[in-house]
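Order of appearance sets the numbers: ligands from 1, and atoms from 1 within every ligand. We're numbering straight along the sequence, starting at 1.
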Amino acid sequence: MLNPFTIARRLRRIGLLGLNARNADYVLLYNQRRFYPRVDDKLQTKNLAIAAGLPVPALYAVVREEHEIAALHDKLAPYESFVVKPAHGSGGDGILVIHGRRGNRYRRAGGSLMSRGEFEHHLSNGLSGLYSLGGQPDHLLVEYCVKFDPVFEKVSYGGVPDVRIISFLGYPVMAMIRLPTRMSDGKANLHQGAIGVGIDIPTGLTRRGVWGTEPVEEHPDTENSIVGLAIPHWQELLLIAARSYELSGLGYVGVDIVLDRELGPLILELNARPGLSIQIANGQGLEPRLRAVQQLQRSGNLSADPIERVAFACSHFATT
Ligand SMILES: Nc1ncnc2c1ncn2[C@@H]1O[C@H](COP(=O)(O)OP(=O)(O)O)[C@@H](O)[C@H]1O
Ligand SMILES: [Mg+2]
């Protein structure tokens, strides 16, 4: 058994950032509260991204009132698949990924069918704030359901993988891809049971992965290797993450991007308090990378050009 001092020393050696340090040294210092609504409300984020010329999934409908729910069946009839999500949701809670219909019923990403009544009930719960930050009444977004890039066919189950990139002062410092599993029901959130796989910043190649607390090299449902995959459009993804700084005004932000087989990269959302498991997925700590950017800041060398920031990240943040 390792004693706690040995564990603490090892964690420090790889520069693992803990929850307290993330909050005190990064989130509080670099994220101004007045900008939080830009990322806490997914509708605002979508509108800001559109205004900045960044790609997002198309919005089909916004539901604000209970009485709008019944009309939705007809309104959504033209779309074979779609996604419903609470504007202030997090961790994949309350998200419905609908892949098709069977008669009057909706087929969920995990394969189960949902009656109209169950669908309406779910949306009504969503409006009441059941799935949202702080439990406040919320509004719901209905949007285009992303069709994943064929590269991911062998390593996802029932849903779209998403790429999470942490951007610090506009520098993409660390990245992972999250792969949905049978357990995660069409969502790529780690807490829903998705796998997190670290991505090497310069090359866009996947390295090691974790499922819960377990290291994994294969997808548990498809049994295909999750190591050595080349993420398509990688430089574009890094550039989107870099530009999320200007978009949000937040110094420390997690950017979630999905890859559509026809439309390419699309921004799903931004997070002002991104989780720390990205370090476990990469087997590396954030601290040294964040310090490298702080060093630029201290010496007055921060770049205002997202392309330059991506170039810096590619030459400094390889996963060893
Ligand atoms: N438009 C969409 N098309 C397909 N899958 C989606 C879509 N929106 C969300 N998802 C799935 O749900 C997950 C969580 O969505 P996200 O918008 O990031 O909300 P949350 O704040 O709950 O994490 C995504 O990682 C993705 O797997
Ligand atoms: Mg997310």
The Mg ion (ligand 2) -> D256, closest N, O or S atom is OD2

Once you measure the plane-to-plane angle for H139 and H88, does it fall in the parallel (<30°), tilted (30-60°) or perpendicular (>60°) bin? perpendicular

Donor-acceptor pair, side chain of Q192 and main chain of G91, under 3.5 angstrom: yes

Is the side chain of H122 donor-acceptor paired with the backbone N or O of E118 at a distance under 3.5 Å, no angle test? no

Show the atoms of ligand 1 that are less than 4.0 angstrom away from any heavy atom in G89. 21 (O)

Taking the non-hydrogen atoms of R178, is any one of them nearer than 4.0 angstrom to ligand 1? no

Atom 15 (O) of ligand 1: closest protein heavy atom, distance to 0.1 Å, is I95 CD1, 3.3 Å

I'd like to check which ligand 1 atoms, numbered from 1 as shown, lie under 4.0 Å from a non-hydrogen atom of D162. 24 (C), 25 (O)

At the 4.0 Å heavy-atom cut-off, does G91 count as touching ligand 1? yes

Is it true that, when you exclude H73 itself, more than 12 heavy atoms of the residues, nucleotides or ligands shown sit nearer than 6.0 Å to its NE2? yes

Residue, atom name and distance, where the atom is the protein heavy atom closest to atom 11 (C) of ligand 1: G186 O, 3.9 Å

Under 4.0 Å to a heavy atom of E143 - the qualifying atoms of ligand 1, by number: 1 (N), 2 (C), 7 (C), 8 (N)

Could you tell me whether E269 approaches ligand 1 through its side chain, its backbone, both or neither, with non-hydrogen atoms closer than 4.0 Å? side chain

Shortest heavy-atom approach to atom 7 (C) of ligand 1 - which of V83, L59, L266: V83

Which bit of D256 gets closer than 4.0 Å to ligand 1, counting heavy atoms only: side chain, backbone, both or neither? side chain

Say whether E143 and Y79, considering side chains only, have a donor N or O and an acceptor N or O under 3.5 Å apart. no

From the N, O or S atoms in E269, identify the one nearest to the Mg ion (ligand 2). OE2

Heavy-atom pair with the smallest gap, counting every atom of H233 and L259: CD2-CD2, 3.7 Å

Does Y106 offer a backbone N or O that forms a donor-acceptor pair with the side chain of R101 under 3.5 Å? no

Proximal ligand 1 atoms for G92, defined as those under 4.0 Å from one of its heavy atoms: 20 (P), 22 (O), 23 (O)

Test the R33-Y36 pair against the cation-pi criterion, namely NZ or CZ under 6.0 angstrom from the six-membered ring centroid and within 45° of the ring axis. yes

Test your reading of the structure: does K85 have an N or O sitting under 3.5 Å from an N or O of ligand 1? yes

Consider salt bridge (Lys or Arg N to Asp or Glu O under 4.0 Å). Of K187, K42, R178, which one does D256 pass it with? R178

of all protein heavy atoms, closest to atom 3 (N) of ligand 1 is V146 N, 2.9 Å

Determine, step by step, whether F168 and Y26 satisfy the ring-ring contact (aromatic ring centres under 6.0 Å, His included) criterion, reporting the C-alpha distance in whole Å, the side-chain angles of both residues, the deciding distance to 0.1 Å, and the verdict. CA-CA 9 Å; F168 182 46; Y26 297 99; 5.5 Å; yes

Considering non-hydrogen atoms of the protein only, which is the closest contact for atom 12 (O) of ligand 1, and what is the distance? K187 CG, 3.6 Å

Nitrogen or oxygen of A188 less than 3.5 angstrom from that of ligand 1: yes

Under a 3.5 Å distance rule, please check whether R107 uses its side chain to pair with a backbone N or O of H99 as donor and acceptor. no

The answer for which part of N189 has a heavy atom under 4.0 Å from ligand 1 is side chain

Heavy atom of P180, distance to ligand 1 below 4.0 Å: no

I'd like to know if the Mg ion (ligand 2) has an N/O/S atom from D162 within less than 2.8 Å of it, counting both backbone and side-chain atoms. no

Starting from atom 10 (N) of ligand 1, which protein heavy atom do you reach first, and at what distance in Å? L268 CD1, 4.1 Å

Taking N31 for its side chain and G251 for its backbone only, find out whether a donor-acceptor pair lies under 3.5 Å. yes

List the closest protein heavy-atom neighbour of atom 5 (N) of ligand 1: residue, atom name, distance to the nearest 0.1 Å. V160 CG2, 3.8 Å

Short question: side chain of S128, backbone of N125 - any donor-acceptor pair under 3.5 Å? yes

So does V253 get a backbone contact from the side chain of S167, meaning a donor-acceptor N/O pair under 3.5 Å? no

closest protein heavy atom to atom 21 (O) of ligand 1 is K42 NZ, 2.7 Å

